[in-house]
Amino acid sequence: MGGLDDLYQQLILDHYRNRRGRGRIEGASASVHEHNPVCGDECYLDILVEDDRITDIRADGDGCSISQAAASMLTEVARGKDLESALDLVEHFRLVMHGDVVPDEDILGDAVALGGVAKYPVRVKCALLSWLALRECIAGYREATATGG
Amino acid sequence: MGGLDDLYQQLILDHYRNRRGRGRIEGASASVHEHNPVCGDECYLDILVEDDRITDIRADGDGCSISQAAASMLTEVARGKDLESALDLVEHFRLVMHGDVVPDEDILGDAVALGGVAKYPVRVKCALLSWLALRECIAGYREATATGG
Amino acid sequence: MGDSTHTALDARAIRAEFPILSSPRPGADGVHYLDSAATSQKPERVLDAMDAYYRETNANVHRGVYEMAAEATQRFEAGRDAVARLVNHPREGTIFTKNATEAINLVAWAWGVRELREGDEVLVTMMEHHSNTVPWQIVAGITGATVRFCPLTPEGDLDMDALRAMLGDRTRMVAVVHVSNTLGTINPVEEIVSMAHDVGALTMVDATQSVPHMPVDATAIGSDFLAFTGHKMCGPTGIGVLAAQPGRLEDMEPFLGGGEMISDVTTEGSTWNDIPWKFEAGTPPIAEAVGLGEAARFLGEIGPERIRSHEMAIAQQMLDALDDIPGVTVLGPRDIARRGASVSFTLDGVHPHDIGQFLDSRGVCVRAGHHCTKPLMRHLGVQSTARASAYLYTTDEDITALHDALAGCRAWFGAP
Amino acid sequence: MGDSTHTALDARAIRAEFPILSSPRPGADGVHYLDSAATSQKPERVLDAMDAYYRETNANVHRGVYEMAAEATQRFEAGRDAVARLVNHPREGTIFTKNATEAINLVAWAWGVRELREGDEVLVTMMEHHSNTVPWQIVAGITGATVRFCPLTPEGDLDMDALRAMLGDRTRMVAVVHVSNTLGTINPVEEIVSMAHDVGALTMVDATQSVPHMPVDATAIGSDFLAFTGHKMCGPTGIGVLAAQPGRLEDMEPFLGGGEMISDVTTEGSTWNDIPWKFEAGTPPIAEAVGLGEAARFLGEIGPERIRSHEMAIAQQMLDALDDIPGVTVLGPRDIARRGASVSFTLDGVHPHDIGQFLDSRGVCVRAGHHCTKPLMRHLGVQSTARASAYLYTTDEDITALHDALAGCRAWFGAP
Ligand SMILES: Cc1ncc(COP(=O)(O)O)c(C=O)c1O
Ligand SMILES: Cc1ncc(COP(=O)(O)O)c(C=O)c1O
């Protein structure tokens, strides 16, 4: 069961059982709703942006341990980042999930524990769900502020 | 090359080289035009019917040795038959081609030599082309005489 | 076959005919494959039949005069005969497609696009697989027809009263699954077909989950169309079957155009080949038909009745094993006589994906997800389930392994 | 590969990799298979890849969390990568269908039924295979559009002036074969695509007879759609490919509906998966994709340039051999640089069926018939032809056998 321990590191199970940053933000600067067509899991992501910086971020929805832990870790590491660094963060995580780079703890924080997921292609979608939602969220925010002001 | 001798019996090559009953009948009682979708071969069949009896039958069109020989043999054996016996003749030949009965020389005449074709499914269609055309022809004749008089 | 139905099937002996089930996978002592509703494993003889075809007589079918081509055609068409025989259907109404999905789409496009009008209704059920839902939605989108969903009873059966009430003048097609891949429910398709015919509607029975597992008599069911798929019935991927009423096919315009399905082609237009070939455009799945024919012979020799009896016993063991785990909820009918051996369940506090992953580490393969039945999932109020599904090679050891792995799974995730 | 293009291909060594070509058939000393334009033979490694898939890791793809399912998905998608690489096309535009015919029909139905209107024109050529003619005729029949046929020059080339004159505002689709399966003609598809795009028409290139035999760069050709088939390129039956511009696919509504191609399904309607899966409904040809991937790797390693060089040499030998037999007439271009190694011919006084039958008795397999190009046959004024077609495993011995058997055939039938 080495594989299992590798995938479900203690840190992951901990984030799964004790979700950080869970819920919705009233008056969010941007929100998205993503779902995983493979399993039907859903993710609501809200961000609050002030001065180009994510001052609050919350994720909601149900899903498996990997998707829930990934969302929990995301809210921790993304909170306080400016939008550009947040996008870099997502991109680094995406590349890690596709096995293209090794995970960097300095960048990812607790989410470094998700590195083992890369070996399980179906679960990669679970881990990426909330992270790619953040990318969408930022894109949506920028579009809205660019056109609406 | 036993197989080849079996398929192309001398009688077949003879009918192929010296076609009997070739051509069209002016003022035919019934005519049909059939083609073989596999190879594009075509067959025109005309019959002259008097007192429910085939007094003349001619086949035209191009095709392989088997289809030409089969048409040639058909005109010989079908000429002079009443319509009902002609249909029995066709049915016997059809069953022979499908390997369901052994060929009866008394019924088939020279066409008994086509018995070996049954082993070559693609060629069965060649052999049957003109014979099934006769069945169509008779059906067409009966329909026309039943309705038109 | 008559006699064999009375002796129980020896699943252990049958298992030995399936190479993959005896070759241990890394990290597990043998595989407990409980995902046959997704795809079945293949017996050696099916693999051998396809391999022999390629090694001995591979050639394109129907048009070649040389011996290898004639032999290829013979093996291909013999595959059709074997499949037709298994479901008691005329060979000329037995069309090879690429999967069950294409078989259903064939009817949706060839018949539906040409015949459906605004105001017309296609009736499907809330437990249909996407393959018997989405084609009708697409064609409805093109034609302006409406797709309506027949509801279910709380136990997961079709609500026959509701169905009766929904049938009417506007109903042009009733498309219904024979056995639900998610709930296991067996639907009374003969009755439904006759109700549909009474209002003048056509019928499509999705027999994908019944043909592999029980006697299916297409003639007795009497539907206009009946679809199933090769890879779930011990056959290869890349082939499915549409068993249609020959007369219906004669009347229909073709679907895919191309080689083989024509009688003549001119620059002015074309005419069509006889059925079934009229609906088989291009080079057919030749090796696959050879393999599927062998699979049909294999199932026929064992006997669909015996397979069904075996699976009823296994399904009962499965329900008992699942009931024994606290927090497990089983979906679908509990009465073994009214269900197949595909059992969906949830486990409190553990997501189906995590169940699937954990069970895999114990060598137990189950599926987790929506099983291509999202309308049903919404109707049941769940996002996904775990599903264990059995077949003729499933043994009580597989069920014990499922039970023990599920117990371990609860502990590992600290479920309540 | 760069270097390998400069060394000649060793057809005898390659032949040894094809089990069927070394196992003698009854009544003949080995098989001289000259019907590769109908279907190719398969190298051992392709058969082994499929067999290994079934024996080691058979499971349904894309949805399973367990390891066997992940491994099946990996092998399946690796097949797509290998095929995409062979024709230099993006993977997300590389759709698996059941054959080339379905690939063309996919566009005819998904795009044509929805987009064509009365007055619109689809331009095909007089040398198209039925698979690139009939789908357009069917869809024209539904929509009221018109199918027009571009004529040929007396030598069997496309009449480019005529094509230019036929192109116009009404032209919505230009569908053209890359290499004719009957005449061998190689068409200037890059030029045709750009002419079509200039008038705003879409383009479908039927690359069924080019991809197996020569370098085909889908990106350089630049057509909106390009179709080919697995079984003619050393791969299995039951699989074909549509290589389409990704942007075009994004804009298109789906064709077949069912599992896998959806993003969400509700009773109100559905949304679609990303490309390429949006166009792959139901369980795909999994083992077949594994086999085709291996075939693409095999061809890539040998090098399409070298295959083409070898076939040019063989084609020349074939023309010389045929010229040597009195009464033989060869159809199509004589210039080796402008033709493939598929050579149609007639023999005075002997019907093509009889040629095929006689040659078979000498172990030489050729095709006889209309080769699914009936409009071309009418245009040429023949009902059928015999056709010998070569591939990378064809040797000069095969050509000698063809020559000698043809001479024998003349004598046997007492031809003039
Ligand atoms: C030029 C051409 N196009 C299309 C096809 C159709 O291929 P398939 O039958 O595999 O769909 C063929 C072969 O039959 C062909 O030669
Ligand atoms: C009930 C049901 N119908 C249809 C299908 C579709 O079968 P295929 O994917 O082989 O087309 C499936 C399996 O996925 C099924 O379970």
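Quick note on labels: first sequence line is chain A, next is B, and so on, each numbered from 1.
Within the 4.5 angstrom heavy-atom criterion, only backbone atoms of Val350(D) (N, CA, C, O) approach chain B. Only the side chain of Tyr120(B) has a heavy atom closer than 4.5 Å to any heavy atom of chain D. For chain D, the nearby parts of Glu42(B) are the backbone and the side chain; heavy atoms of each come within less than 4.5 Å.
For an aromatic pair to be called close, the ring centres must be under 6.0 Å apart, and His130(D) with His370(D) satisfies this.
A salt bridge does not link Asp157(D) with Arg339(D): every distance from a Lys NZ or Arg NE/NH1/NH2 to an Asp or Glu carboxylate oxygen is 4.0 Å or more. A salt bridge does not link Arg24(B) with Asp60(B): every distance from a Lys NZ or Arg NE/NH1/NH2 to an Asp or Glu carboxylate oxygen is 4.0 Å or more. With respect to the salt-bridge test (charged N to carboxylate O, under 4.0 angstrom), the residues Arg22(B) and Asp62(B) qualify.
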